[in-house]
Amino acid sequence: MSALNNSEVQLFLRIGIPGLEHAHIWISIPICLIYLVAIIGNSTILFIIKTEPSIHEPTYYFLALSAISDLGCSFSSLPTMLRIFLFNSMGISPNVCFAQEFLIHGFTVMESSVLLVMSLDHFLAFHNPLRYSSLLASNRVANMGLILATRSILLVLPFPFTLRRLKYYQKNLFSHSNCLHQDTMKLACSDNKINVIYGFVALCTMLDLALIFLSYFLILKTVLSIASLAERLKALNTCVSHICAVLVFYVPIITLAAMHHFAKHKSLLVIIFVTDIFLLLPPVMNPIMYCAKTRQIW
């Protein structure tokens, strides 16, 4: 198969749902509704946290960072999905594709970082409640937010620059509607050094998950030292929203990575379904879970 340099590649092609092209206009309706709920829900959380002084606390600042990550991921993936399902516009220029990949992966890393910091926040609240306010003062939370944003940018910053230097096959069709690293690398026919970088980013994300598990092990150890069963259940109930957010975020990522690396016979429809869950579910579920379970937000 012949190859083209990036400067000669005019368009990458994305697909919607194979075999259901005739129904794309109808499929776009629930997709638009999901994005609308995600955007309104996360914007509402940001508005409440900004305007209500009684919840100007570290936990809600971290929740605001999570909402920003969800909004960023939604706005990064929404335009291209709507172009396919509403207007059947499959083409996307390489530069726009690389920019979208940078944004989606960047906000994904930021969401992973925020989930880790929120688990540490829960641990400090349980383990050392008397020093909690002093340990997580407003200036420290602001610095942590800046560090998380910088970490997210630096980890994925090499992606677009390295991808621009690669050569690509003439057959440049993605397996779903958004530009993600796995698909972009499959179209490249030159060296795969970017895979090493992506592997490092994936390792950092999995390290976040391991530290979240460690935090909850320590939380469980602390809670079990409480004498009353009712107090134990009440304490653990405060973590339910965060645990659900961790599952909703990491399960699709791990499933998608396992399918790309270990599945011998990959179903294209399953890959599209899992990818869409990865992009659509966390932004729409997080506001619902936090609003339902957090009394102050409710």
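Heavy atoms only, all atoms of each residue included: Tyr216 and His122 are closest at OH-CD2, 3.8 Å. Thr222 and Phe126 make their closest contact through CG2-O, 3.7 Å (heavy atoms, listed as atom of the first residue, atom of the second, distance). When every heavy atom of Val141 is checked against every heavy atom of Leu136, the shortest pair comes out as CG2-O, 3.9 Å. Leu115 and Ala245 get closest at one heavy-atom pair: CD2-CB, 4.0 Å. Across Leu247 and Pro252, no two heavy atoms sit closer than the pair O-CD, 3.9 Å. Closest approach of Cys179 to Ile92, counting heavy atoms only: SG-CD1, 3.9 Å.
Side-chain atoms of Ser119 and His242, non-hydrogen and from C-beta on, do get closer than 4.5 Å to each other. Residues Glu52 and Ile55 form a side-chain contact, since some pair of their non-hydrogen atoms from C-beta on lies under 4.5 Å apart. Put simply, the side chain of Leu279 reaches to within 4.5 Å of the side chain of Cys73, judged on heavy atoms. Using a 4.5 Å heavy-atom threshold, the side chains of Asp208 and Cys204 count as separate. Using a 4.5 Å heavy-atom cutoff, the side chains of Phe278 and Thr108 are in contact. Using a 4.5 Å heavy-atom threshold, the side chains of Ile84 and Thr80 count as separate. Looking at Asp276 and Met81, their side chains come closer than 4.5 Å, going by heavy atoms from C-beta outward. Proximity of Leu46 to Asn42: side-chain heavy atoms (C-beta onward) are nowhere separated by under 4.5 Å.
The backbone N or O of Ile49 sits less than 3.5 Å from a side-chain atom of His56, completing a donor-acceptor pair. The backbone N or O of His181 lies less than 3.5 Å from a partner atom in the side chain of His105, making a donor-acceptor pair. Within the 3.5 Å criterion, the main-chain N or O of Val201 finds a donor-acceptor partner in the side chain of Thr205. A donor-acceptor contact shorter than 3.5 Å is absent between the side chain of Ser66 and the backbone of Phe62. Ser43 contributes no side-chain N or O that, together with a main-chain N or O of Ile40, makes up a donor-acceptor pair within less than 3.5 Å. When atom types are taken as modelled, the side chain of Ser152 and the backbone of Met110 share a donor-acceptor pair closer than 3.5 angstrom. Checking side-chain atoms of Ser241 against main-chain N and O of Met289 turns up a donor-acceptor pair under 3.5 Å. Checked by atom type and distance alone, the side chain of Glu101 never pairs as donor or acceptor with a backbone atom of Pro160 at under 3.5 Å.
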Q. When you look at Leu203 and Leu207, which way does the side chain to side chain contact (heavy atoms under 4.5 Å, CB included) test go after all the steps?
A. CA-CA 6 Å; Leu203 179 64; Leu207 179 61; 5.6 Å; no

Q: Start with the C-alpha distance between Asn88 and Arg83, add both sets of side-chain angles, then the distance that settles side-chain hydrogen bond (donor to acceptor under 3.5 Å, both in side chains), and finish with yes or no.
A: CA-CA 6 Å; Asn88 198 32; Arg83 283 183 62 192; over 6 Å; no

Q | Leu78/Leu82 under side chain to side chain contact (heavy atoms under 4.5 Å, CB included): CA gap, chis, key distance, verdict | A | CA-CA 6 Å; Leu78 173 62; Leu82 292 187; 3.4 Å; yes

(Q) Determine whether Phe75 and Ile39 satisfy the following criterion, side chain to side chain contact (heavy atoms under 4.5 Å, CB included), listing intermediate values before the conclusion. (A) CA-CA 9 Å; Phe75 284 122; Ile39 292 170; 3.7 Å; yes

(Q) Would Leu148 and Leu116 count as a side chain to side chain contact (heavy atoms under 4.5 Å, CB included) here? Give the steps. (A) CA-CA 10 Å; Leu148 295 183; Leu116 170 60; over 6 Å; no

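Cluster annotation: Ile147 and Leu211 are assigned to distinct hydrophobic clusters (Ile/Leu/Val/Met/Phe/Trp/Tyr, side-chain heavy-atom contacts under 4.5 Å, transitive). Val240 and Tyr290 fall into different hydrophobic clusters, defined by Ile, Leu, Val, Met, Phe, Trp and Tyr side-chain heavy atoms under 4.5 Å apart, directly or through other members. A chain of hydrophobic side-chain contacts below 4.5 Å, direct or via other Ile, Leu, Val, Met, Phe, Trp or Tyr residues, connects Leu157 to Phe107. Hydrophobic clustering (side-chain heavy atoms under 4.5 Å, transitive across Ile, Leu, Val, Met, Phe, Trp, Tyr) keeps Leu65 apart from Leu146. Follow the hydrophobic side-chain contacts under 4.5 Å out from Phe161 and you never reach Leu154; the two are in separate clusters.
Here the CZ-CD1 distance, from Phe85 to Ile25, works out to 11.0 Å after rounding to the nearest 0.5 Å. With values rounded to the nearest 0.5 angstrom, Phe213 atom CZ is found 9.0 Å from Tyr250 atom OH. A distance of 12.5 Å separates OG of Ser215 from CE of Met118, quoted to the nearest 0.5 Å. To the nearest 0.5 angstrom, Ser77 atom OG is 5.0 Å from Asn178 atom CG. Once rounded to the nearest 0.5 Å, the distance linking SG of Cys97 with CG of Leu163 reads 8.0 Å. Distance check: Ile45 CD1 to Ile68 CD1 gives 11.5 Å after rounding to the nearest 0.5 Å.
Between the side chains of Glu57 and Thr59, no donor N or O sits under 3.5 Å from an acceptor N or O.
For Phe98 and Phe159, the ring centers are positioned 6.0 Å apart or more.
Within a 6.0 Å radius of NE2 in His127, no more than 12 heavy atoms belonging to other residues, nucleotides or ligands are found.
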